[in-house]
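Order of the sequence lines sets the chain letters (A, B, ...), proteins ahead of strands, with each chain counted from 1.
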Number of protein chains: 2
Amino acid sequence: MNKIELKSLLTDGALATPTGRIVRTLSARGALSATQIARLTGLAKSTVSTVLTELRRSDMVVEAGSESAGGVGRPATALTLNPKAGTCIGILIGQTEIQVILADVSHTVLSDRSAYLAPDYSPDTAIEYVRKLIADAYQGQWQGREGLLGVGIAVGGPVNPVTGKMLRAGGMPTWAGADMRELFGPIFDGVPIFCDNESNCAAIAEMTWGAAQGHDDFIVYTLDLGVGGAIVSGGRVLRGIAGGAGEFGHVVLDPNGPPCRCGNRGCLDVYASFREPLAESERHFGRSMRLADVVELALGGDATCRALIERAGEAGGHGLGLIGSVFNPTLVVVSGRLVAAGDMLMRPLAESFERHTLVKHGDVPDTARTILSPSRFSDNGACMGAVGLVLRHHGRLLN
Amino acid sequence: MNKIELKSLLTDGALATPTGRIVRTLSARGALSATQIARLTGLAKSTVSTVLTELRRSDMVVEAGSESAGGVGRPATALTLNPKAGTCIGILIGQTEIQVILADVSHTVLSDRSAYLAPDYSPDTAIEYVRKLIADAYQGQWQGREGLLGVGIAVGGPVNPVTGKMLRAGGMPTWAGADMRELFGPIFDGVPIFCDNESNCAAIAEMTWGAAQGHDDFIVYTLDLGVGGAIVSGGRVLRGIAGGAGEFGHVVLDPNGPPCRCGNRGCLDVYASFREPLAESERHFGRSMRLADVVELALGGDATCRALIERAGEAGGHGLGLIGSVFNPTLVVVSGRLVAAGDMLMRPLAESFERHTLVKHGDVPDTARTILSPSRFSDNGACMGAVGLVLRHHGRLLN
DNA sequence: CCGAATAAGTTCACCCTAGAACTAATGCGA
DNA sequence: TCGCATTAGTTCTAGGGTGAACTTATTCGG
């Protein structure tokens, strides 16, 4: 009965009731005290108290390991959803990688596994790997698959978040037109599937566990082999009518510029993605390299790699300036594997941003300036976001 | 007591109470039936009914002229806030124009007056004109200034919506750093002042009375002597941390391009504003012209003017493509005086949009394609939006 | 070591909102 | 012309959320 109750509270059953709102808040944010819940939900302390005693009595909510914050006054007791009450799975379908994270409703990661594939693998291959990775994930867990509350899928290409169908080619031509619900439904029959593109998932991860915690309005700007991003407004990830929001990389700068893999010409992606610099460094070193190798070499002092990364920051700042002029956001979280280069990337990026945007340093007080934060996720941001998709109930596919 | 009550209900007093929400909804949307109010606020019919009988008893809400819609079933009785309960003033501080609209809380425009000035007029001149226009506006009205509930100011340049201070030069160098609250406060002492830039006000007008009625998420794209716009997400106009959101015209396309009046180089505005085409037509005709003249001549069949407008549509589509790639919005309302050219502008605009954006025709079903709608406001959109600013309680300046 | 200050969490009576069941007013078809 | 379908609006009661006042648990200063 426990799980059934949680399931109905997490799905559409009791959206507006205090109990539903409190459970959803706990699901979305992890460990919280009663007072924090009251602030976040806007409910009265008394209401929260009543509901929580009921939830604790029925064992759906338990006390989390209290980390006494150290302030004056009675210390808050942190609460989470009972980990036994259910699990979530996050799946990343990347260009060359499939990742599966298993987590419980108290935000504890139980398992994190990846498989690396050659580019342009087929959906069938993906299904096979996902099946295997999920079996592995449950290996040695005392939690069984019957407690699975939802599955989130982060896809490395444009996907319609309502239907779960892939649009166009994007970076994954073999997936064009694929129907995520149809493909993955059979693996998890009956369990709700949530789906969104990689960038939007990364945004959810940033909002839930990363650099954008507590922010309801921010932009994620991804610098990697492609340039992309996501827009969060009012705590909502903007998807656009066809799931195409946040495609900063495919803004056309010069209609007569070099062709882009998206089909248009002169996209930002052509100038600011790390694809060309990576090729350049491969030519320089005369061997096949990965993006992470270049970053590592640059951090180790290699001047060529350092220059490539600085130039990437410079080019990336152009796109960031665009974001500044369009949104003038409070916060931009810079993500992607280039971020591992730290200040080497961030400094030229910030300088270039300043040059390419409308509102400048001197125009406004420091409190009204956009903050640039590097992402805290090294690599698994998107997949964690897929878990967050479930915990936050974003982007559920219709059955 | 009537007015005092309305004032407190419209300001921060009772935000979340049903009465407050109903009054605010009526203020924002004008005439509505009880059922519509229930749908819009999410309150139960019964609650709405109870509150409305109370509001009618105290004469704060009255029946509006019923326009029987003609469907089956009992016809709805439209209700509005009692026009006697208060007035709002909208002020437009444009580049060469000052406009004042006086309206009552039932959305009836009582007076609409403009004064045309030479560019770069001083704030002091503006104050003088505003004083005069307002005196004129109240002339012959039985409503007095004591019923004034709020003043909205639409400014033709970037303004910080929280402090009311103008940023940088923008299109109005004489206003750089001006403090709207300080300037206009003395004219309306004690009355709350709302403030936002022209484009954001236009967005509010579109949402309240225009092409975006019923939409909570859309983009306004303005093609005029400058290129600009506004972003509405979740019914909220995004302002950005320094009031710089929606400045589509100042996205840098080519960092080495021609200088823009904003200080950067190669902004979209340089390529897509109608400033250069207007100058070209002046050269062609050998006389001083206004934008409206070019549109009129084009509609009258003049080939030169027609070509200029078509070319503007083509250039404007580049920016629209950018909007498409960034937002993939459901709806874009195209505004600005060029829209008067109708299909002559919209057709090349739509074609160019298609070429410059990421998600194309064939990629998605027709239901998932961005709609382009021309604005229905010929010229007074921004000033109506300033009225809407008050009625919707957006962007209130702190006292 | 004790009490003041501070903050978290609980209790309880009252008011208010929601929902069901109702009445009211219209169009449409036989 | 009558009744049925449809939609708008009202009434009433039960249940639930709120806010005030209270209790509990901690830090800090003297």
Mark yes or no for a side-chain to base donor-acceptor pair under 3.5 Å between B:Arg74 and D:dA8, with no hydrogen or angle criteria applied.
yes
With no hydrogens and no angle check, just 3.5 Å: does a side-chain donor-acceptor pair link B:Ser375 and B:Glu206?
yes
Across all chains, not counting sequence neighbours, the salt bridge (Lys or Arg N to Asp or Glu O under 4.0 Å) partners of A:Asp189 are none
Would you say the side chains of A:Arg236 and B:Ser233 form a donor-acceptor pair under 3.5 Å?
yes
N/O donor-acceptor pair under 3.5 Å between A:Asp112 side chain and A:Ile101 backbone:
no
Length of the line joining A:Glu54:CD and C:dT11:P, which is rounded to integer Å:
13 Å
Rounded interatomic separation in angstrom, taking CG from B:Leu43 and P from D:dG9
15 Å
Donor-acceptor side-chain pairing of A:Arg29 and A:Thr208 below 3.5 angstrom:
no
B:Ser33 side chain N/O closer than 4.0 Å to the phosphate oxygens (OP1, OP2) of D:dG9?
yes
Candidate nucleotides D:dG17, C:dG9, D:dG9, ranked by approach to the side chain of B:Ala76 - the nearest:
D:dG9
Taking CZ from A:Arg39 and P from C:dA8, how many angstroms apart are they, rounded to a whole number?
7 Å
In whole angstroms, how far is the P atom of D:dT10 from the CG atom of B:Leu55?
12 Å
Got a salt bridge between A:Arg56 and A:Glu63, using NZ or NE/NH1/NH2 to carboxylate O under 4.0 Å?
yes
Within this structure, what is the CG-to-C1' distance between A:Leu79 and C:dG9, rounded to whole angstrom?
11 Å
Testing the 3.5 Å rule here: is there a donor-acceptor pair between the side chains of A:Thr80 and A:Ser106?
no
Over how many whole Å does the gap from A:Glu63 atom CD to C:dG9 atom C1' extend?
12 Å
Residues of residues 44-53 of chain B with any non-hydrogen atom less than 4.0 angstrom from an atom of DNA chain C: list those, numerically ordered, please.
B:Ala44, B:Ser46, B:Thr47
Distance, rounded to the nearest Å, where A:Ile37 contributes CD1 and C:dA7 contributes C1'
16 Å
Atom CZ of B:Arg57 and atom P of D:dT10: how far apart are they, to the nearest Å?
15 Å
